[in-house]
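Each remark here refers to the structure printed beneath this line.
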Amino acid sequence: MEYHFKEIEQKWQRYWQENDTYRVEINHDKPKYYVLDMFPYPSGAGLHAGHPLGYIASDIYARYKTLKGFNVLHPMGYDAYGLPAEQYAIRTGQHPAITTARNIERYREQMDKIGFSFDWSREVRTCEPAYYKWTQWTFIQLFNSYYARDEQRARPVEELERRFATSGSSGLDAACTVELAFTAEEWKAKTWRERQEVLMNYRLAYLSDTLVNWCPLLGTVLANDEVREGLSLREGYPVVQKKMRQWLLRVSAYAGRLLDGLETLEWSESLKEVQRNWIGRSRGADILFEIAGREERVEIFTTRPDTIFGVTFMVLAPESPYASLLTTAEEAANVREYLAYAAKRTERERQTEVKRVTGVFTGSLAINPFTGESIPVWISEYVLSGYGTGAIMAVPGHDARDHAFARHFGLPIVQVIDDGEGRDVQEASLDAKSGRLVNSGFLDGQPVTEAIRRVIDEVERRGIGKGKVNYRLRDAIFSRQRYWGEPFPVYYKEGMPCPLDESLLPLELPAIDTFLPTETGEPPLGRARGWTTVEGYPLELNTMPGFAGSSAYYLRYMDPRNDEALVGDEALEYWDSVDLYVGGAEHATGHLIYSRFWNMFLHDTGRARRPEPFRKLINQGMIQGRSSFAYRLLTSADGEQWEATRVYVSREIAREAEQRGVEVLSSRLGEELAGVAAVSFQEIHVDVNLVKNDLLDMEGFKQWMPEYAGARFVTDNGKYACGHGIEKMSKSLFNVVNPDTVIEEYGADTLRMYEMFLGPLEASKPWDTRGIDGVFKFLRKFWRLFHAEGDFHASDAAPTRAEMETLHKTLKKVEQDMENFSFNTSVAAFMICANELTAARCDKRAVLEPLVVALSPFAPHVAEELWQKLGHAGSVTRATFPLWDEKYLVKEEFEYPVSFNGKVRFKLLAALSATPAEIEERVKAAPAATRWLEGKTIKKVIVVPGKMINVVSA
RNA sequence: GCCCGGGUGGCGGAAUUGGUAGACGCGCUGGACUCAAAAUCCAGUGUCCCUUAAAGACGUGCGGGUUCGAUUCCCGCCCCGGGUACCA
């Protein structure tokens with residue numbers, strides 16, 4: 001009986017569905033394990049062969065953990081709100097709900113064919129009211145909370161109100177937009193509206209007028225992680241900075257905990273590093289500078305307070321309120337002109353023209369608090385308003401940007417650190433992180449680290465500043481001017497936002513038929529009838545961004561149908577948090593930051609059991625495409641063959657192409673012809689589905705591209721060999737491999753094993769369909785072990801020692817590889833095993849049955865079929881992963897390679913327990929050794945047990 | 001610029017508390033079976049020298065070092081990939 005994968009796979013996929021094989025419930029008799037995939041955004045293109053890589057890996061691990069006796073939660077769902085569906089709706093008028101549902105159906109179909117062990121009864125879709133009810137609910141909790149820095153956790157805003165009523169703002173240590181100071185009496189005197197404005201300054205979800213990333217072509221604002229190099233990440237549209245009133249999440253309040261929490265996680269070092277950089281902690285000091293002849297004092301942030309004696313000027317960001325405040329009448333015109341210039345510059349211009357030095361003098365002088373000297377105050381766009389205080393003390397001697405500025409405007413440069421290399425700071429700045437202080441009064445001779453400490457002490461003693469930690473991480477802009485997203489559960493009273501009563505949740509997204517903004521520039525929700533008011537008050541028209549729905553979906557999977565809570569107590573208690581999370585590294589600064597923030601907040605308020613949601617994280621690499629090329633001849637000329645491109649055609653053909661204008665497509669190898677012409681050509685991407693083993697299906701190609709139907713094909717013995725290259729897998733490059741096609745030809749089990757066999761999970765690697773035969777052959781070979789005589793057969797004979805060694809060697813390797821997520825090498829171990837058992841003609845149940853169980857995570861369909869034929873009722877999922885026995889792996893004697901001074905000369909059979917002296921005797925006695933030992937004396941014998949004997953001779 | 005990761009046959013990749021480099025697979029070559037093809041099976045396959053074999057030399061990006069022994073450790077470079085950037 002042959003291996004008919006198609007029948008087998010259909011049969012078992014149906015069985016799993018009918019028997020709810022993968023349904024999982026709370027079971028207190030078993031330890032739990034939670035394996036999570038990053039759920040997909042269902043795009044119109046469907047899955048390509050690269051997408052399931054992570055799903056297959058997590059599925060293999062989930063199945064393995066189940067065999068190991070764990071109660072495994074392995075859910076799947078859809079991140080269904082998003083911009084592409086809405087952009088498509090704007091173009092075609094198709095409602096996003098319809099296209100999204102269609103795409104989901106297609107995704108599900110494709111995933112089902114791969115044979116995943118997902119518990120589909122737990123599926124979630126972020127666009128469904130029963131799901132986003134809890135997204136809205138969490139938003140209200142954020143709105144009603146503030147961050148108590150002294151307690152390092154979120155607290156209810158109500159507490160803040162009570163506190164203000166008794167003691168005003170005094171002694172409050174809370175994360176806020178601006179530091180406020182008021183008394184209890186002042187608080188009590190405020191109107192409702194004024195109080196709301198004060199509270200807004202502290203809420204974790206807050207409304208604020210800030211500079212935001214506005215993308216005019218998308219008609220919406222974007223978060224920082226959605227913008228790269230001044231362009232929108234997905235579409236590449238330009239983004240400008242614009243002051244707008246927007247919802248934000250006070251993610252920055254959690255910056256310190258987000259950073260410190262990384263130390264507790266089993267994530268790759270590189271991913272943690274990306275998050276560390278993104279959060280960007282710098283330690284330094286805030287220091288006040290007095291302004292000559294004025295009341296105002298300007299606060300700056302610096303990480304290098306030690307260099308304060310080298311401060312020769314001060315620079316303000318153009319957006320700093322001090323910029324115009326400190327401008328003198330004489331300089332007013334210049335400053336006005338500069339500020340106008342700076343306001344016009346886009347983010348992208350600023351970023352691409354970093355080397356351009358611009359600035360203007362305000363006319364004011366500040367006082368260096370340590371030297372007492374007057375220093376000019378300048379304005380320049382190289383100082384960012386959003387970081388630190390929007391003002392800096394400039395140390396041109398030891399900062400490259402300050403140096404460039406000083407040189408450009410002829411400002412003085414002073415050296416205050418000497419690193420002993422004797423470089424001239426007038427020429428280039430010396431960005432020394434070590435060295436000793438010079439020209440610095442009481443700091444002279446001090447090393448840098450000590451000087452930093454002393455300056456901070458001195459500044460604090462004099463009450464003109466304090467040590468401070470600054471973060472690069474900004475608050476997340478949380479509103480989007482679009483339709484296809486979660487509505488905010490918010491209405492406006494006296495212009496101030498109020499949360500809806502929780503009993504009104506979910507606030508459902510209304511159906512509309514035009515998805516563009518309204519004529520008055522309102523978000524699309526402005527078009528919805530019956531939407532605009534609740535109890536006579538207007539509703540928020542913005543919707544939430546994509547990351548809102550994906551920030552806590554892992555909690556919802558634990559208890560997806562609960563209508564009373566985001567997740568019920570029992571489910572939360574049992575499932576706890578995600579043990580293994582598998583997904584792409586591209587989410588490092590987006591989803592993986594927001595989720596951690598969101599979860600930490602829920603943890604603070606008792607709705608998550610742990611501060612960190614994802615204990616272990618694996619980033620699967622990208623699978624790249626392997627593009628195929630044909631070569632279209634453009635011109636011809638007599639000459640030498642073109643070695644570099646390996647395109648060979650005859651002069652005759654080249655001339656024919658030239659004269660008659662015939663399209664000529666040359667094979668990579670070309671025809672073997674006497675006369676050869678050098679030609680120039682154009683690479684044409686050929687649909688990889690028309691290419692097998694690099695050979696082109698020429699008839700198929702003509703049909704696929706009718707404009708080449710009349711083309712002349714230059715072949716090599718009738719075969720047309722394509723060139724190839726590794727590129728990103730993309731529709732436009734015709735190199736997309738669809739998993740459905742692979743399954744059709746080889747089956748899901750082969751696809752699963754081949755994706756694992758391609759290389760290490762975390763590495764990106766090219767998809768090359770040519771290699772898949774090897775894995776397919778393995779499965780067929782494995783199948784044939786049971787069908788040596790045609791029908792299924794498994795012998796009850798006792799296995800030989802060699803067969804047991806093969807079995808236990810394989811079990812040990814596979815188990816160890818599983819724990820290390822080294823799936824490619826475990827596939828290799830199975831192949832070796834099958835080769836050895838085939839050679840031994842082993843059909844023994846005692847050997848094969850454990851292998852069926854061990855193989856089942858990789859190739860579940862074929863394993864089920866064999867398990868059933870071996871006489872077991874029910875699914876192989878209920879089996880136990882076989883234990884390996886060391887006794888079959890221990891050898892008493894080893895064949896050691898024997899080396900002389902490091903060079904391997906021969907092999908020697910020696911007992912593991914032999915002493916070096918005994919081994920030395922045997923080496924001397926070995927006939928082959930004599931020629932290597934001639935005239936030499938053995939100095940010592942080094943024995944590495946089980947590995948190597950090295951003889952060191954004089 | 002800064003930070004992180006990586007460089008091993010024709011290809012994807014194995015192997016590192018320092019111990020036979022190239023597992024496994026693809027590809028290629030030869031053979032068996034076949035009228036033939038496909039499929040399957042068997043053998044070979046880092047480079048050089050060589051009719052072949054034995055033996056040997058070289059070989060994990062480059063140059064040094066430590067060691068009986070280095071793909072693995074140390075120092076100095078080169079190249080590739082990713083992240084990030086007037087963050088003071």
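Since we're looking at a predicted model, the values are computed, not measured. Per chain, numbering begins at 1; letters A, B, ... match sequence-line order.
In this entry the base of B/G9 is syn relative to its sugar, with a glycosidic angle within 90° of 0.
The residue A/D768 sits apart from the nucleic acid: no heavy atom pair falls under 4.0 Å. Note on A/R281: nothing from the nucleic acid sits closer than 4.0 angstrom, heavy atoms only. Among the protein residues, A/V274 comes within range of the sugar-phosphate backbone only, with heavy atoms under 4.0 Å from sugar or phosphate atoms but none that close to a base. Residue contacts for A/V315: at a heavy-atom cut-off of 4.0 Å it reaches no nucleic acid atom on any strand shown. Within 4.0 Å of A/I392, counting heavy atoms only, lies at least one base atom of the nucleic acid. Note on A/L384: a base of the nucleic acid sits closer than 4.0 angstrom, heavy atoms only.
Judged purely by distance below 3.5 Å, without hydrogens or angles, the side chains of A/T358 and A/Y338 pair a donor atom with an acceptor atom.
Heavy-atom distances to RNA chain B give each of A/G771 and A/G759 a nearest nucleotide, and the one nearer the 5′ end belongs to A/G759. Between A/S380 and A/G774, it is A/G774 whose nearest contact on RNA chain B lies nearer the 5' terminus.
Counting heavy atoms from C-beta outward, A/W767 and A/Y754 have side chains that approach closer than 4.5 Å. Residues A/I308 and A/N368 form a side-chain contact, since some pair of their non-hydrogen atoms from C-beta on lies under 4.5 Å apart.
Within the 4.0 Å cut-off from OP1 or OP2 of B/C11, not a single side-chain nitrogen or oxygen of A/K765 is found. Regarding contacts with the backbone of B/A88, a side-chain N or O of A/Y387 is found under 4.0 angstrom from either OP1 or OP2. OP1 or OP2 of B/G56 sits under 4.0 Å from a side-chain N or O of A/R905. Contact between the side-chain N/O atoms of A/N824 and the OP1/OP2 oxygens of B/A14 is found at a separation under 4.0 Å. The shortest distance between the side-chain N/O atoms of A/N277 and the OP1/OP2 oxygens of B/C87 is not below 4.0 Å.
Of all nucleotides listed (B/C24, B/C4, B/A15), B/A15 comes nearest to the side chain of A/T825. Between B/U84, B/A88, B/C41, one nucleotide has an atom nearer to the side chain of A/K781 than all others, and that is B/C41. When distances run from any side-chain atom of A/R472 to the nucleotides B/C24, B/U84, B/U20, the shortest one goes to B/U84. Among the nucleotides B/C24, B/U40, B/C26, the one closest to the side chain of A/R770 is B/C26. Listed nucleotides: B/G12, B/A23, B/G27. Nearest to the side chain of A/D773: B/G27. You'll find that the side chain of A/V904 is closest to B/U20, out of B/C4, B/U20, B/C24. In this structure, the nucleotide among B/G83, B/G13, B/C24 sitting nearest to the side chain of A/P760 is B/G13. Each of B/U20, B/G83, B/A88 was ranked by its minimum atom distance to the side chain of A/R401; first place goes to B/A88. Distances were taken from every side-chain heavy atom of A/W278 (C-beta onward) to each of B/G19, B/C86, B/A85; the shortest belongs to B/A85. In the set B/C26, B/U20, B/A88, the nucleotide with an atom closest to the side chain of A/S282 is B/A88.
Rounded to whole angstrom, the span from the NE2 atom of A/H398 across to the P atom of B/A88 amounts to 17 Å. Atom-to-atom, CD of A/E762 to C1' of B/G81 comes out at 15 Å; the value is rounded to the nearest Å. Atoms CD1 (A/I300) and P (B/C86) sit 20 Å apart, rounded to a whole Å. Distance, A/L912 CG to B/G19 P: 17 Å, rounded to whole Å.
Put simply, the side chain of A/R401 never gets that close to the backbone of A/A394: no donor and acceptor are under 3.5 Å apart. Looking at A/S320, its side chain never comes within 3.5 Å of a backbone N or O of A/L316 through a donor-acceptor pair. A donor-acceptor distance shorter than 3.5 angstrom exists from the side chain of A/H398 to the backbone of A/I417, with no hydrogens or angles considered. For A/K468 (side chain) and A/G388 (main-chain N/O), no donor-acceptor pair under 3.5 Å exists by modelled atom type.
With sequence neighbours left out, A/E819 forms a salt bridge (charged side-chain N to carboxylate O under 4.0 Å, His left out) with no residue at all.
Taking atom C1' in both B/A15 and B/A32, the straight-line distance is 35 Å, to the nearest Å. Using C1' as the reference atom, B/G46 and B/C11 are 14 Å apart when rounded to the nearest Å. Remark: the separation of the P atoms in B/G44 and B/U34 is 24 Å, to the nearest Å. B/U29 and B/G22: their P atoms are spaced 24 Å apart (whole Å). Taking the P atoms as reference points, B/G81 lies 26 Å from B/C75, given to the whole Å.
In RNA chain B, stems built from 3 or more consecutive Watson-Crick or G-U wobble pairs, each with both distances under 3.5 Å, span B:1-7 with B:78-84, B:10-12 with B:24-26, B:27-32 with B:40-45, B:46-48 with B:56-58, B:61-65 with B:73-77.
Between A/Y471 and the choices A/I279, A/V251, A/L258, the side-chain contact (heavy atoms from CB on, under 4.5 Å) rule is met once, by A/I279.
Judged by atom type and distance alone, A/R276 does not reach the base of B/C4 through any side-chain donor-acceptor pair under 3.5 Å.
In this structure, A/F313 has its ring center at least 6.0 angstrom away from the ring center of A/F409.
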